[in-house]
Amino acid sequence: NDKMSKIEVLNCNVGNCKISTLGKETAGIIGLAYGYSGNVALIDDCIISDCSVNNCEILNDKVISTYGSSAGILAATWGVKNININNCGVNNSNITSNCYVNNGNDMDVGGILGISSRAQNVELKNCDVENTDIINNSGSGDTNANVGGIVAAVSPYYSNNEELSIINCNWKNGNMTAQQGNAGGILGWIGPCKNEGNIENCKVEGVNINSEANHSSNSNTAGIVATA
């Protein structure tokens with residue numbers, strides 16, 4: 001539980017790969033950035049810049065755990081104060097979760113980011129998802145199976161001071177399916193925040209957004225933000 005000041009991934013590329021798990025988080029660049037102990041964030045910054053994922057299959061298949069988010073770039077963070085994802089792209093890929101854990105936690109699927117939890121600031125700039133399908137076949141509980149073209153879920157629980165900015169980010173040409181939870185072309189779900197949520201100059205073009213949920217209390221669907 002020693003404090004770490006920074007995680008930084010710069011100028012990295014993943015191409016023509018299959019990345020799959022029967023365990024927990026899975027992503028093209030970082031699966032899980034974790035630094036949380038006793039309601040204290042142990043990591044100051046997670047920075048991912050100028051990274052790309054091309055022609056990849058990212059698959060979370062029938063997870064046996066209660067945690068199992070997936071994403072093109074970063075699947076999940078817990079206990080990271082500041083998250084910055086800049087100039088990153090996911091192209092010609094498939095991101096799929098086949099998690100069937102009833103009442104599980106954090107089965108979110110995002111084009112760039114799956115879920116951030118207990119952060120102070122989350123910022124994504126100049127990120128694009130193109131020609132990519134984002135599919136969440138999760139059977140977990142209400143708010144824990146969200147889908148987003150850029151970000152699936154932002155969860156400020158216990159801190160309630162998370163600030164979210166998504167600027168100049170686009171999702172073009174792809175398909176989205178949600179079995180349960182919210183489905184948004186840019187953002188699936190954000191919990192209550194004391195600070196601001198800002199989405200600016202973002203585009204969703206040439207996509208199909210399909211929610212198959214018929215009994216979940218959190219199963220909203222929208223072109224930009226499903227639930228805020």
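In this text the structure is predicted, and so the values were computed from the model without any measurement. All residue numbers in this chain count up from 1 along the given sequence.
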Say whether [X] and [Y] are linked into one hydrophobic cluster, either directly or through other cluster members, by side-chain heavy-atom distances under 4.5 angstrom.
| X | Y | result |
| --- | --- | --- |
| Met107 | Leu59 | no |
| Ile112 | Ile19 | yes |
| Val225 | Ile167 | no |
| Val151 | Ile135 | no |

Any side-chain heavy atom of [X] sitting closer than 4.5 Å to one from [Y]?
| X | Y | answer |
| --- | --- | --- |
| Asn137 | Thr96 | yes |
| Val122 | Thr77 | no |
| Glu205 | Asn170 | no |
| Lys6 | Ile47 | yes |
| Leu22 | Asp61 | yes |
| Glu163 | Asn121 | yes |
| Cys127 | Leu113 | no |
| Leu74 | Ile83 | yes |

Checklist entry - Cut-off 3.5 Å, side chains only: do Thr26 and Asn60 have a donor facing an acceptor? => result no
Next on the checklist: Testing the 3.5 Å rule here: is there a donor-acceptor pair between the side chains of Asn13 and Ser52?
Outcome noted: yes
Provide the closest heavy-atom pair for [X] versus [Y] in the form atom of the first, atom of the second, distance.
| X | Y | result |
| --- | --- | --- |
| Ile209 | Gly223 | CD1-CA, 4.1 Å |
| Ile134 | Gly148 | CD1-O, 3.8 Å |
| Val9 | Cys12 | CG1-SG, 3.7 Å |
| Met176 | Gly149 | CE-N, 3.3 Å |
| Ala226 | Gly188 | CB-O, 3.1 Å |
| Gly114 | Ala71 | N-CB, 3.4 Å |

Going from [atom1] on [X] to [atom2] on [Y], what distance comes out if it is rounded to the nearest 0.5 angstrom?
| X | Y | atom1 | atom2 | answer |
| --- | --- | --- | --- | --- |
| Trp189 | Asn220 | CH2 | CG | 12.0 Å |
| Ile166 | Ile150 | CD1 | CD1 | 7.5 Å |
| Ser20 | Asn98 | OG | CG | 11.0 Å |
| Lys18 | Asn55 | NZ | CG | 15.5 Å |
| Asp50 | Leu10 | CG | CG | 7.5 Å |
| Ile115 | Ser70 | CD1 | OG | 12.0 Å |

Checklist entry - What residue among Val53, Val90, Ile85 forms side chain to side chain contact (heavy atoms under 4.5 Å, CB included) with Ile29? => result Val53
Mark yes or no for whether [X], through its side chain, and [Y], through its backbone, hold a donor-acceptor pair below 3.5 Å.
| X | Y | answer |
| --- | --- | --- |
| Ser155 | Ser117 | no |
| Asn82 | Asp44 | yes |
| Asn136 | Asp108 | no |

Checklist entry - How far apart are the C-alpha atoms of Asn175 and Asn210, what are their side-chain angles, what is the distance that settles it, and do they pass the side chain to side chain contact (heavy atoms under 4.5 Å, CB included) test? => result CA-CA 8 Å; Asn175 298 291; Asn210 177 41; over 6 Å; no
Checklist entry - Asn84 and Lys125: side chain to side chain contact (heavy atoms under 4.5 Å, CB included), yes or no, with the steps? => result CA-CA 8 Å; Asn84 293 278; Lys125 283 187 176 180; over 6 Å; no
